[in-house]
Amino acid sequence: MTEKSEFFNPELETMDREQIEKLQLERLKTTVEHCMHSAFYKQRFKEAGLEPGDIRSLDDIRKIPFTTKQDLRDTYPFGMASVPLSQCVRLHSSSGTTGNPTVILHTQKDLNEWANAVARCLWMVGCRPDDVFQNTSGYGMFTGGLGFQYGAERLGMLTVPAAAGNTRRQLKFFTDFGTTVVHAIPSYATRIYEVMQQEGIDPRRDTKLRTLVIGAEPHSEEQRRRIQDMLGVKAYNSFGMSEMCGPGVAFECKEQNGMHIWEDYYIVEIVDPKTLEPVPDGEIGELVLTTINREAMPLLRYRTRDLTRIIPGECPCGRHHKRIDRMKGRSDDMIVLRGVNIFPIQVEQVLMRYKELGSNYLITLKTDEVNDSMTVEVELAQSYTGGHDAQKALIKSITSRLHDEILITPLVMLLQPGSLAQSEGKAVRVKDLRSVFK
Ligand code: ADP
Ligand code: ZN
């Protein structure tokens, strides 16, 4: 039996499947009724010939049409609200990685529940009120700032809202304030380590860092291990998106084997992105989420475009909320090169296995005279001292392993540490310069 103190909200976190599903059905029915206050959903239901009363079981969710990012854009900014604007107290917007931004509205109750969800996640990975939590996310429209801020405060930690950038200042805060927990996107976590090396700071000796929360962008298991080894911490994967509030949707527990998705907040479906039919547990498909604990702007069957799978089986931690696997990428991240489907994360997995390499890389796609080609530029590790022949052998080995993984032979180039541009926000891993007129 797991100790009760391991849970932030023991009642909701340890529900068995039957209890979870009972609560989900109640909340789904209430949400659907409530959505009839939204002009958008009212029209959608009418078009589909559907009444809220038609939702009698959890399976009935499949009668409801999907909501897409395009719907959010078409109704930008407030067209999907289910409450009058006078009841909303905040809006957030996505970072716009893949196009125009979208807006999500929140009531005070929504913000309150969101903070509870984030606090629950942080507690699950061992954060306690005597921890010092430093957030390196941008504050503002990006939900990683305020989302973690309120969650960490709800848990009762001393919070350091450092915000993004200025890495030397971040390091000073670590040492001055005794930071024990850090939230960072994975590409920034590796940047922190690089600057520590330049400054002669040994994270194990000179800081109290113990836990790292990494998320907001796809990263491989290999990248996580690297970050853990570099900083001497346990790193936990955090998944969220602004459409679903932000952070706090799904989070790894101490088992580090998949992220529990909070099913008292969301109904999760994994569908085949082409047929939109559900796939069996264990198979990869598109994550579809329905919010069942939101007031201002509930979303029904929202197609996230993120690809993942349900991890079958029970988690030893005592939580029965389903686990999703680390993201394979977004469906729009998939590179189709000479008819082969490739996810950038596959390239990362190969690169991160080489201790000779640093953590920054860039995939460039170009149109040559006849064919499209891929170049993979990757920085060498700061500690690397190999000469010309060693580098040649290294390139050969990387090229061949990449070919095994992605079935394409890329041109591999080794760069000096620090050569690739660092982005302030999410890392840009792919540059597509292919001509559309071939
Ligand atoms: P944008 O869609 O503009 O990037 P968000 O900040 O809302 O705006 O980002 C949410 C997206 O970020 C998710 O849909 C997903 O693609 C990605 N993401 C978030 N957390 C993770 C994670 N832990 N692993 C992989 N991808 C993630
Ligand atoms: Zn667990």
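Owing to the predicted nature of the structure, the values given are computational and were not obtained by experimental measurement. In this chain, numbering begins with 1 at the start of the sequence shown. Ligands are counted one by one from 1 in listed order, and the atoms in each one are counted from 1 as well.
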TODO: Can you establish whether the number of heavy atoms outside Glu11 located under 6.0 Å from its atom CD is more than 12?
DONE: no

Task: Contact atoms of ligand 1, heavy-atom distance to Phe142 under 4.0 Å - done: 6 (O)

TODO: With sequence neighbours excluded, give me every ring-ring contact (aromatic ring centres under 6.0 Å, His included) pair touching residues 277-326.
DONE: Trp262-His321

Open item on the list: Test your reading of the structure: does His219 have an N or O sitting under 3.5 Å from an N or O of ligand 1?
Closed with: no

- [ ] Give a yes or no on this: more than 12 heavy atoms of other residues, nucleotides or ligands lie within 6.0 Å of atom CE of Met334.
- [x] yes

TODO: For Asn237, take its heavy atoms, then give the atoms of ligand 1 lying under 4.0 Å from any of them.
DONE: 22 (C), 23 (N)

Open item on the list: Within the structure, is a non-hydrogen atom of Lys426 found at a distance of less than 4.0 Å from ligand 1?
Closed with: yes

Task: Thr143, portion touching ligand 1 at heavy-atom distance under 4.0 Å - done: neither

TODO: Flag Ala216 as yes when one of its N or O atoms lies below 3.5 Å from any N or O atom of ligand 1, and as no otherwise.
DONE: yes

- [ ] List for me each residue that meets ring-ring contact (aromatic ring centres under 6.0 Å, His included) alongside His34, sequence neighbours excluded, and say none if there are none.
- [x] His37

TODO: Please determine if Ser238 has a nitrogen or oxygen closer than 3.5 Å to a nitrogen or oxygen of ligand 1.
DONE: yes

- [ ] Using non-hydrogen atoms of the residue, decide whether Met244 is closer than 4.0 angstrom to ligand 1.
- [x] no

Task: salt bridge (Lys or Arg N to Asp or Glu O under 4.0 Å) against Lys254, all qualifying residues, sequence neighbours excluded - done: Glu6

- [ ] Check Met241 against ligand 1 and report side chain, backbone, both or neither, counting heavy atoms closer than 4.0 Å.
- [x] both

Open item on the list: Side chains of Ser359 and Arg226 only: does a donor on one sit below 3.5 Å from an acceptor on the other?
Closed with: yes

Task: Count of N, O or S atoms belonging to protein, less than 2.8 Å from the Zn ion (ligand 2) - done: 4

Open item on the list: Check this for me: Lys63, atom NZ, are more than 12 non-hydrogen atoms of other residues, nucleotides or ligands nearer than 6.0 Å?
Closed with: yes

Task: Those atoms of ligand 1 less than 4.0 Å from some heavy atom in Ser242 - done: 7 (O)

TODO: Supply the atom-to-atom distance Leu433 CG to Thr364 OG1, rounded to the nearest 0.5 angstrom.
DONE: 6.0 Å

Open item on the list: Rounded to the nearest 0.5 Å, what separates atom CE in Met241 from atom CZ in Arg305?
Closed with: 10.5 Å

Open item on the list: Judged on heavy-atom distance to atom 19 (C) of ligand 1, which of Gly215, Ser137, Gly240 sits nearest?
Closed with: Gly240

Task: Distance-only N or O hit between ligand 1 and Thr304, under 3.5 Å - done: no

Task: Within 6.0 Å of CD in Glu47, more than 12 heavy atoms from elsewhere - done: yes

- [ ] State whether Phe66 and Arg301 meet the cation-pi test: NZ (Lys) or CZ (Arg) under 6.0 Å from the six-membered ring centroid, and within 45° of the perpendicular axis.
- [x] yes

TODO: Show which atoms of ligand 1 fall inside a sub-4.0 Å distance from at least one heavy-atom site of Lys69.
DONE: 2 (O)

Task: Neighbour count above 12 (heavy atom, 6.0 Å) for Lys109 NZ - done: yes

